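Here the structure is a predicted model, which is why all the values come from computation and not from measurement. Proteins get letters first, then strands, A, B, ... in listed order; numbering begins at 1 in each.
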Number of protein chains: 2
Amino acid sequence: MARSASGRPVTIIEVAKQAGVSISTVSRVMNGNHHVDPEIAGRVRAVAAELRYSASPLARSLVLGRTQRVAIMVPDLENPTFQSVLRGLTRAAAKDNYHVLVADSLETAGEETTLASEARRCCDAIVLCAPRMPEDQLRALLPELAPVVLINRESPYVLAPTLTADYEAGIQPLARHLHQLGHRRIAYLEGNPDSASNTQRLSGLARFGAEHPDADVIGIPCGVTFEHGHAAADAVIASGATGVLGFNDLVAMGLLSALNERGVRVPEQLSLTGFDDIPFAKYMTPPLTTASVPVVELGEEAWKRLHALLSGEKPDHDLSFRPRIEVRGSTGPAPAP
Amino acid sequence: MARSASGRPVTIIEVAKQAGVSISTVSRVMNGNHHVDPEIAGRVRAVAAELRYSASPLARSLVLGRTQRVAIMVPDLENPTFQSVLRGLTRAAAKDNYHVLVADSLETAGEETTLASEARRCCDAIVLCAPRMPEDQLRALLPELAPVVLINRESPYVLAPTLTADYEAGIQPLARHLHQLGHRRIAYLEGNPDSASNTQRLSGLARFGAEHPDADVIGIPCGVTFEHGHAAADAVIASGATGVLGFNDLVAMGLLSALNERGVRVPEQLSLTGFDDIPFAKYMTPPLTTASVPVVELGEEAWKRLHALLSGEKPDHDLSFRPRIEVRGSTGPAPAP
DNA sequence: GTGAAAGCGCTAACAA
DNA sequence: TTGTTAGCGCTTTCAC
């Protein structure tokens, strides 16, 4: 884009004038319409290039009814998980010439509806990432948000493509891994009690418990951040557990740091696992045993479905990613009793 | 927003019809113009609420010449530094009812110009975060991008508000800290040679070297990611340095991880510092000594200036944040020779 | 193959 | 105080 003499961006009218044609012809040329005399088309292109003209996306959006832009709402832009989803979405969308608009709800469920509606209105579609709002609200909202894709939030009545990580399935190999190492008293650091992903982990652990009657799984209220994990250290130690399943990597890392301060050695005295496999997990000391969730792919798959929806095609099937266990140095044999 | 019977969003015309007034009156009411009969205004509001009408942002953008949206271009959405800048910007802008559009250049300097121009065109302003493009290109681009704010890229001829971290000043206390601990042979893991922030660190180190003739500072080509730091381990060990200044925290963490694998103890055998103080730094084992850069604030201050520019006000002065040294466990006395 | 003209949905100047 | 109307910059019928 360049500015014309008036200081404002060059418009189609100026190009038309300079090229001695009508604006429709310019429009046709710019949009690659082939029913234009090649010689004229060349002239128009030359003028457009000289004036550094490109059509106003605003005006195009209005008349075409699409913006080439999608929104994503996340609960917390500080969380590496959502950052990765954003990244996956942004990069995939960019390949199809779409831009991404970010909306951060700051974990305030009350604002989500307004925020999503508003973000959606200036875009062609929206991705809802782990929305916290109550089920009935979500259900009421979805129709007016369409096209919409849901990430990490299943809803029994969803009418939208849904992508999830299977936390219930994912946490079981972690627990079994500790069990195989001889741990019998295992603590689970709980996340946000309202979140679906915490509930899923709990049912995974219930299943593990049923299969391993010799194991004790103790729930310890904790949270989802470094600080939460750090603060849970005393409760963990008091619990007498020899193995700890953190709600996520952040919690595990916070706990690890607190254990270090207290001189508790990992994994010699205590084994510890995280969840998500954020980029930092494998660089911890010791590297964190965790379950890897392909969050970037979650974003990419979301784009695929959005793109299909926008093209009037049928989106691919819903997907539930099975987390893959990554055994690293933070877990080891249970200490002799 | 709701859809009318036609399936398309409700427009101002339908509201006007239902309320028995002209569209201008509806427009006035929706925009809080007080020169409207209170009774009529009430009726309009009632109809608007019933129809769940809200004005099309697209149409408003076109006629008002503003989108209530700003863009940010970052070199790499994977880097915690840029994630934090994005977060600061997004949250600050949200308070003023602005949205943020993300453009990730994937570290390809060649694409930056196009990407920035395009992103800018569907927004009211743009933030350029550490652009990699050559000086002359940047200078040519800035006028057409205005209003624009630069982050971490000074340009001798800039006509745009600029926010930076003072890497030259920031690295010196880190080097002095190592010196005070008795380190005399100090390695610096270099970042991208083209980046301004690497050059600045180098001049800071040159100054340190001049003030401390008894110290040897050895540059080691490295990079900016975990992997780069990890790969530099052998070169670091071969250098015989007892203290290492990583280009940033990522590099330091990567190196730390590699040192662990090799059984080199930090800080007993080797002291190590990072740069940036990303959220993970203090949870490393040992916690990383680093220089903290207030990246979220960088994003917030960028918004302040953008907002001023958009309001036709004079933006605040340029700012250079002086990094603050955070002494933690990764540095200690130099081992006896 | 080309141009004139009708919108896309809205705001704001101008009239009444 | 209210309505009429001219755009914002573009695409797309519809005549020619």
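Between the NE2 atom of A:His35 and the P atom of D:dT12 there is a distance of 13 Å, given to the nearest Å. Distance, A:Tyr53 OH to D:dG9 C1': 7 Å, rounded to whole Å. Atom CG of A:Asp124 is separated from atom P of C:dC8 by 18 Å (rounded to the nearest Å). In this structure, B:Ile13 places its CD1 atom 8 Å from P of C:dC10, rounding to the nearest Å. Spacing between atom CD1 of A:Ile23 and atom P of D:dT13 amounts to 15 Å, rounded to whole angstrom units. Across the protein-nucleic acid pair, A:Ile12 atom CD1 and D:dT11 atom C1' stand 8 Å apart, rounded to whole Å. Atoms CE (B:Met30) and P (D:dT2) sit 16 Å apart, rounded to a whole Å. Look at CG on A:Asn33: it is 9 Å from P on C:dG1, rounded to the nearest Å.
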Run the side-chain hydrogen bond (donor to acceptor under 3.5 Å, both in side chains) check on A:Arg153 and A:Thr162 step by step: do they pass?
CA-CA 8 Å; A:Arg153 167 76 185 245; A:Thr162 301; over 6 Å; no
Give the C-alpha distance, both sets of side-chain angles, the deciding distance and a yes or no for side-chain hydrogen bond (donor to acceptor under 3.5 Å, both in side chains) between A:Arg66 and A:Gln68.
CA-CA 6 Å; A:Arg66 63 183 151 83; A:Gln68 298 286 113; 3.0 Å; yes
Worked check of side-chain hydrogen bond (donor to acceptor under 3.5 Å, both in side chains) between B:Thr67 and B:Asp124:
CA-CA 6 Å; B:Thr67 61; B:Asp124 300 335; 2.9 Å; yes
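With respect to A:Arg91 and B:Asp76, a salt bridge is recorded, a charged nitrogen being found less than 4.0 Å from a carboxylate O. Remark: A:Lys304 does not engage A:Asp318 in a salt bridge, criterion side-chain N to carboxylate O under 4.0 Å.
Within the nucleic acid shown, A:Ser56 comes within 4.0 Å of sugar-phosphate atoms alone, with no base atom in reach, counting heavy atoms only. When heavy atoms are screened at a 4.0 angstrom cut-off, A:Leu58 is found touching no nucleic acid atom at all. At a threshold of 4.0 angstrom between heavy atoms, the contacts of A:Ser24 include nucleobase atoms, whether or not backbone atoms are also involved.
Comparing B:Arg28 and A:Val26 by the nucleotide of DNA chain D whose heavy atom lies nearest to each, the residue mapping closer to the 5' end is B:Arg28.
In terms of phosphate contacts, A:Ser27 brings a side-chain nitrogen or oxygen within less than 4.0 Å of OP1 or OP2 of D:dT11. Between B:Thr25 and D:dG3 there is a side-chain N or O to OP1 or OP2 distance below 4.0 Å.
Contacts of residues 60-69 of chain B with DNA chain C (heavy atom under 4.0 Å): B:Arg60, B:Val63, B:Leu64.
Between A:Val100 and A:Ile72 there is a side-chain heavy-atom pair separated by less than 4.5 Å.
The A:Thr11 side chain lies nearest to D:dC10 when the options are D:dC10, C:dT2, D:dG3.
Below 30°, between 30° and 60°, or above 60°: for A:Tyr98 and A:His307 the angle between ring planes is above 60°, a perpendicular geometry.
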